[in-house]
Amino acid sequence: MSTARLTINLDALVTNWRNLDALTTCETAAVVKANGYGLDAGRVGKALAKAGARNFFVAAAEEGGALRRALGPGPGISVFSGHMEGDAKLLKDFQLTPMLNSLDQMLRHFEALPGHPFGVQLDSGMNRLGMEPGEWAAVAEIALSQNPVLLMSHLACADEPEHAMNAQQLQVFREMTDGLEIPRSLAATGGMLLGKDYHFDLCRPGVGLYGGMPFKDAVPVVQLDLPVIQVRDLEPGETAGYGNAWTARRPSRIATVAAGYADGLHRAMGAGGIQVYAGETPCPVVGRVSMDMITVDVTDLAEVPDMLAILNERQTVDMLADAAGTIGYEILTSSGHRSARTYLG
Ligand SMILES: *Cc1c(COP(=O)(O)O)cnc(C)c1O
């Protein structure tokens, strides 16, 4: 075995979904875009459907088709990017619900798939997807006459609870939707933690399900174990890796471990003070991250194991993300393409 081993704990995923669900009195859906944040949308979706999730969200109709194959008929699958040119067949064949983002999408949908369920995405200030207040005011009557199943919007700053943008977007969303008696959704993981004003009828967590911030009480879902390829001894003054970026200050043992930036261990992590774990014992990653390998100072280990863990309950996706100057979402979606995978639960 010379590639990394990614272990995905579906029981932990379900625990996170249940714990997020318990924060609200509304329905809790699940966001499984980008192949379930890299963890396999089909497996993630099936585990959550079994636990009681009835609605799923993906980014693109193509992802929805793949998810429908895994889930079978029954659960709702909604598409954030709406009804794009050429999507009609996918939306119809796989019973996907587009979240329509513009007048153009609305006209396309009503013409291509009259009577096919849809929702409407409203822009409450993020300026990414959805109809702006003026546009919505102009077309709401037509849209409502076709019975949308959901009115939704998305928060730009929900991971910063004190940010004034949250209350501002809440107010805009309310002004656009109050009194319409259509189910509403505003909150993703961050919004769920802002309190019940943000919950409406349906919440759409993504990253929290997978063990990431801002859901600080999440249980870790992924473990990434890396095989040790070689171990060598260095004299003080010898260097390791590209650019001689690390110099031994004492007689040192260096383990070369099989994963690098091609496996989602961003090169920037090298300078960020990350560890790998031999069981409970942390060992510092030293020198530069290269494409397929990292080097680890294992001098203080009595014995070097066959595998060292870089993601586990002690070092989470968010800790790796901090070291690389990014966010847990990016670590999740970029890790594990080359790894052997095991699913627990
Ligand atoms: C990605 C996304 C979500 C899920 O967000 P998390 O922060 O991962 O919980 C919800 N809604 C929309 C529109 C999204 O793009």
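First listed ligand is number 1; within each ligand, the first listed atom is number 1. Since the model is a prediction, treat every value here as computed from it, not as a measurement.
The protein heavy-atom contact nearest to atom 1 (C) of ligand 1 is K33 NZ, 1.3 Å. Y37 OH, 2.5 Å is the protein heavy atom nearest to atom 8 (O) of ligand 1. The protein non-hydrogen atom at the shortest distance from atom 9 (O) of ligand 1 is T189 OG1, 2.5 Å. Atom 7 (O) of ligand 1 has as its closest protein heavy atom Y329 OH, 2.6 Å. Protein heavy atom nearest atom 5 (O) of ligand 1, with residue, atom name and distance: A188 CB, 3.3 Å.
Checked against a 3.5 angstrom limit, the closest N/O atoms of G206 and ligand 1 fall inside it. The shortest N/O to N/O separation between V207 and ligand 1 falls below 3.5 Å.
Residue contacts with ligand 1 include P205, since one of its heavy atoms falls under 4.0 Å from the ligand. Heavy atoms of R128 approach ligand 1 to within less than 4.0 angstrom. Under a 4.0 angstrom heavy-atom cut-off, F57 registers as lying outside contact with ligand 1.
Between the side chains of S185 and R204, at least one donor N or O lies within less than 3.5 Å of an accepting N or O. Side-chain contact of S124 with H154: a donor-acceptor pair under 3.5 Å is absent, judged by distance alone. Residues Q121 and N101 have side chains that bring a donor and an acceptor to within less than 3.5 angstrom of each other. Of the N and O atoms on the side chains of D318 and T316, not one donor lies less than 3.5 Å from an acceptor on the other residue. Side-chain contact of N35 with E63: a donor-acceptor pair under 3.5 Å is absent, judged by distance alone.
When non-hydrogen atoms are compared, ligand 1 lies under 4.0 Å from the backbone of R204 as well as from its side chain.
The ring pair (Phe, Tyr, Trp, His ring centres under 6.0 Å) contacts involving residues 10-55 comprise Y37-Y210, where partners must be two or more places apart or lie in separate chains.
Salt bridge annotation for D40-K46: absent, with no cationic side-chain nitrogen under 4.0 angstrom from a carboxylate oxygen.
Contacts of D87 classified as salt bridge (Lys or Arg N to Asp or Glu O under 4.0 Å), with partners at least two apart in sequence or in another chain: none.
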